[in-house]
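First the structure, in the form of C-alpha cells, and then the observations on it.
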Amino acid sequence: MTARNGAEPKPPARSQRYKVGQQQIVRGDCLRVLRRMQAGSVDVIITSPPYNIGLSYRSYPDRKEEADYLDWMLDVARALKRVLRADGSFFLNISGSSAQPWLPFELAVRLRELFVLQNHISWVKSISVGDDSFGHFKPMNSQRFLHRGHEHLFHFTLGGTVKLDRLSAGVPYKDKSNIARRGHEQDRRCRGDAWFIPYETVRDRKEKFDHPGTFPVALPEQCLLLHGRKQAKVLDPFMGTGTTLLAAQRMGCSGVGIEIDPDYVAIARQRLKEDRETRED
Ligand SMILES: C[S@@+](CC[C@H](N)C(=O)[O-])C[C@H]1O[C@@H](n2cnc3c(N)ncnc32)[C@H](O)[C@@H]1O
C-alpha cells in the first residue's frame, strides 16, 4: 500500500492548538512541538508511531529509507526523554511486517541508549486457545508466514525502577484458595505481560475513522491503570484519531496529543467531544 497523496505532509507554519475539556490537541510536527514543551512535564507517554511498513495514511507516506526512519525515531525518542518525568513511563506500540520482521527489534535496540526496557508486553489481538478462537483473524494466504496475532508494547523508563500499580491493572484469582493461602489482601493478581485486547467489532471503515493504524481504547487505558498515579499528564506525539486522549479523558487525566494530519485532528476532536457529551447525559 502507498500513501494516499504520496508526499510528506507539510506541517502548518505555526502549530494549531485545540482544547476539549482537559485534553489539548496540537496539529503539527511532533519534533517541532516537543521542542517547545517543558522538560520533565509528562507522566506517561503512550504512542504508536508510523511503523514504516507502507500503511495507507491520509497524508503521511509511511515509507522512509529504513536507516532514515530509525534516525528519525531516535530524534523523536530523545525529545520524548526530555519531557518525561524521572518516574514516568513511555509505552511504545509497534509491529513489523512479513517483509520487515526486524524493524521493531532494531528500533528497540536503538532506544537502548536512551531508556531502560522495564517491561516488554505482547498486545495479543487474536488468539486460539485449544480449538477455540478469540479476536479477528484477517485472512492471510501464505505458505511461509503465520497469521500476525500480536504487536509489541515496549515499556521504557529512565532507570528501570518505576513502581507500577500491578493490581489495578490486574485480574481476579481464578483459584480463590490462592488468596488466603498466599496471604493476599484482595482478590487480584498481576495480569502479566500478554494482554488480550481485540479490536472493537466495526461494520465498515468509517467506524475505524478511515485510519489504517488505530489501537483500541482499552490499550492506553490499561497503560494508565498500570501507571497508577491519579490525574497523570499523558502525551501521545503520534495521536492519530485521538485514542490515547480518549483513554486519558475517561480516566480523569489531562493529555496532549500531536498529529500532523488535519483530518485526523478533526476526527480526534470530534471523538473527544462526543465522548464527553455521552458521559454528561
Ligand atoms: C499509527 S498512527 C497512530 C494511531 C493512533 N494510535 C490511533 O489510535 O488513532 C501514527 C500517526 O502519526 C502521524 N504522524 C506521522 N508523522 C508525524 C509527525 N511528524 N508528527 C505528528 N504526527 C505524525 C500519522 O499521520 C498517523 O496518524
Subject >> Pairwise side-chain contact, His136 with Ser126, heavy-atom cut-off 4.5 Å (strictly under) >> reply: no
Subject >> Neighbour count above 12 (heavy atom, 6.0 Å) for Glu113 CD >> reply: yes
Original post:
Going through the checks in order, is the side chain to side chain contact (heavy atoms under 4.5 Å, CB included) test met by Leu92 and Leu107?
Top reply: CA-CA 10 Å; Leu92 176 73; Leu107 177 58; 4.0 Å; yes
Original post:
Is Lys138 atom NZ crowded by more than 12 heavy atoms from other residues, nucleotides or ligands, each under 6.0 Å away?
Top reply: no
Subject >> Straight-line distance of Leu246 CG to Met239 CE, nearest 0.5 Å >> reply: 11.5 Å
Subject >> Ring centroid separation Trp72 to Phe238 under 6.0 Å >> reply: yes
Original post:
Between Cys253 and Asp43, does a side chain to side chain contact (heavy atoms under 4.5 Å, CB included) hold up when you go through it step by step?
Top reply: CA-CA 10 Å; Cys253 301; Asp43 296 297; over 6 Å; no
**OP:** Please check if the side chain of Arg229 supplies one atom and the backbone of His227 the other of a donor-acceptor pair under 3.5 Å.
**Re:** yes
Original post:
Is it true that Val124 and Ile46 fall in one hydrophobic cluster, defined by side-chain heavy atoms closer than 4.5 Å?
Top reply: no
**OP:** Determine whether Phe115 and Met73 fall in the same hydrophobic cluster, where Ile, Leu, Val, Met, Phe, Trp and Tyr are linked whenever their side-chain heavy atoms lie under 4.5 Å apart.
**Re:** yes
Subject >> Distance-minimising heavy-atom pair for Val162 and Ser89 >> reply: CG1-OG, 4.0 Å
Original post:
Which class fits the ring pair His152 and His150: parallel under 30°, tilted 30 to 60°, perpendicular over 60°?
Top reply: perpendicular
Subject >> Main-chain N/O of Thr241 paired with Glu259 side-chain donor or acceptor, under 3.5 Å >> reply: no
Original post:
Please, which pairs that meet side chain to side chain donor-acceptor pair (under 3.5 Å) have at least one residue in residues 90-99, sequence neighbours excluded?
Top reply: Ser48-Asn93, Tyr51-Asn93, Asn93-Glu151
Original post:
Taking all atoms of both residues into account, what is the closest heavy-atom pair of Pro198 and Pro216, and its distance?
Top reply: O-CG, 3.8 Å
**OP:** Establish whether Val234 and Val217 are linked, either directly or via other cluster members, by ILVMFWY side-chain heavy-atom contacts under 4.5 Å.
**Re:** no
**OP:** Would you mind reporting whether Leu117 and Phe156 have side-chain heavy atoms less than 4.5 Å apart?
**Re:** yes
Original post:
Leu245 versus Arg271: any side-chain heavy-atom pair under 4.5 Å?
Top reply: no
**OP:** Please say which of Gln186, His184, Arg189 ends up in a side-chain hydrogen bond (donor to acceptor under 3.5 Å, both in side chains) with Tyr173.
**Re:** His184
Original post:
Is there a donor-acceptor pair under 3.5 Å between the side chain of Arg58 and the backbone N or O of Tyr264?
Top reply: no
**OP:** Might you point out which heavy atoms bring Arg17 and Ser15 nearest each other, and give the distance in Å?
**Re:** NH2-OG, 3.9 Å
Original post:
Has Arg166 got more than 12 heavy atoms of other residues, nucleotides or ligands less than 6.0 Å from its CZ?
Top reply: no
Subject >> Side-chain (Tyr199) to main-chain (Thr214) donor-acceptor, under 3.5 angstrom >> reply: yes
Original post:
Please walk me through it: do Leu235 and Ile258 pass side chain to side chain contact (heavy atoms under 4.5 Å, CB included)?
Top reply: CA-CA 8 Å; Leu235 168 68; Ile258 310 168; 4.2 Å; yes
Original post:
Once you round to the nearest 0.5 Å, how far does CG of Asp132 lie from CD1 of Ile127?
Top reply: 11.0 Å
**OP:** Quick one: list whatever passes side-chain contact (heavy atoms from CB on, under 4.5 Å) with Arg279, sequence neighbours left out.
**Re:** Gln249, Arg250, Asp275, Arg276
Original post:
Is there a donor-acceptor pair closer than 3.5 Å between any side-chain N or O of Asn52 and the backbone N or O of Lys64?
Top reply: yes
**OP:** Would you give the length of the straight line joining atom CZ of Arg191 to atom CD of Gln222, rounded to the nearest 0.5 angstrom?
**Re:** 4.5 Å
Subject >> Spacing of CZ belonging to Arg85 relative to CG belonging to Leu158, to within rounding of 0.5 Å >> reply: 11.0 Å
**OP:** Please check if Val26 and Met37 belong to a single hydrophobic cluster, counting links between Ile, Leu, Val, Met, Phe, Trp and Tyr side chain heavy atoms closer than 4.5 Å.
**Re:** yes
Subject >> Spacing of Asp236 atom CG and Thr47 atom OG1 [to the nearest 0.5 Å] >> reply: 3.5 Å
**OP:** Would you name the heavy atoms of Gly96 and Pro104 that are closest together and state the gap between them?
**Re:** N-CG, 3.4 Å
Original post:
Angle class for the His120/Phe154 ring planes (parallel below 30°, perpendicular above 60°, tilted otherwise)?
Top reply: parallel
Subject >> Any Ile94 side-chain heavy atom under 4.5 Å of Pro49 side chain >> reply: yes
**OP:** Keeping the roles fixed (side chain from Tyr57, backbone from Gly240), state whether a donor-acceptor pair exists under 3.5 Å.
**Re:** no
**OP:** Determine the minimum heavy-atom distance between Phe196 and Gly135, stating which atoms define it.
**Re:** CZ-N, 3.9 Å
**OP:** Would you give the length of the straight line joining atom NZ of Lys176 to atom CG of Asn178, rounded to the nearest 0.5 angstrom?
**Re:** 10.0 Å
Original post:
Counting only N and O atoms by type, is there a donor-acceptor contact under 3.5 Å from the side chain of Ser168 to the main-chain atoms of Asp165?
Top reply: no
**OP:** Give a yes or no on whether Leu74 and Leu84 share a hydrophobic cluster (residues Ile, Leu, Val, Met, Phe, Trp, Tyr; joining criterion: side-chain heavy atoms under 4.5 Å apart).
**Re:** yes
Subject >> Modelled atom types, side-chain donor and acceptor of Ser133 and Ser128, under 3.5 Å >> reply: yes
Subject >> side chain to side chain contact (heavy atoms under 4.5 Å, CB included) between Lys273 and Arg269, worked out >> reply: CA-CA 6 Å; Lys273 276 191 203 148; Arg269 292 173 68 196; 4.3 Å; yes
Original post:
Do you know which two heavy atoms are closest between Pro237 and Leu34, and how far apart they sit?
Top reply: CB-CD1, 4.4 Å
Original post:
Under a 4.0 Å N-O cut-off, is there an ion pair linking Lys163 with Asp87?
Top reply: no
Subject >> Gln23 side-chain N/O to Leu272 backbone N/O, donor-acceptor pair under 3.5 Å >> reply: no
Original post:
Taking Asn119 for the side chain and His155 for the main chain, is one N or O donor matched with an acceptor at less than 3.5 Å?
Top reply: no
Original post:
Side chain of Arg27, backbone of Ile260: donor and acceptor closer than 3.5 Å?
Top reply: yes
Original post:
Can you find a pair of side-chain heavy atoms, one from Thr244 and one from Phe215, that are under 4.5 Å apart?
Top reply: yes
Subject >> Flag if over 12 foreign heavy atoms under 6.0 Å of CD, Gln16 >> reply: yes
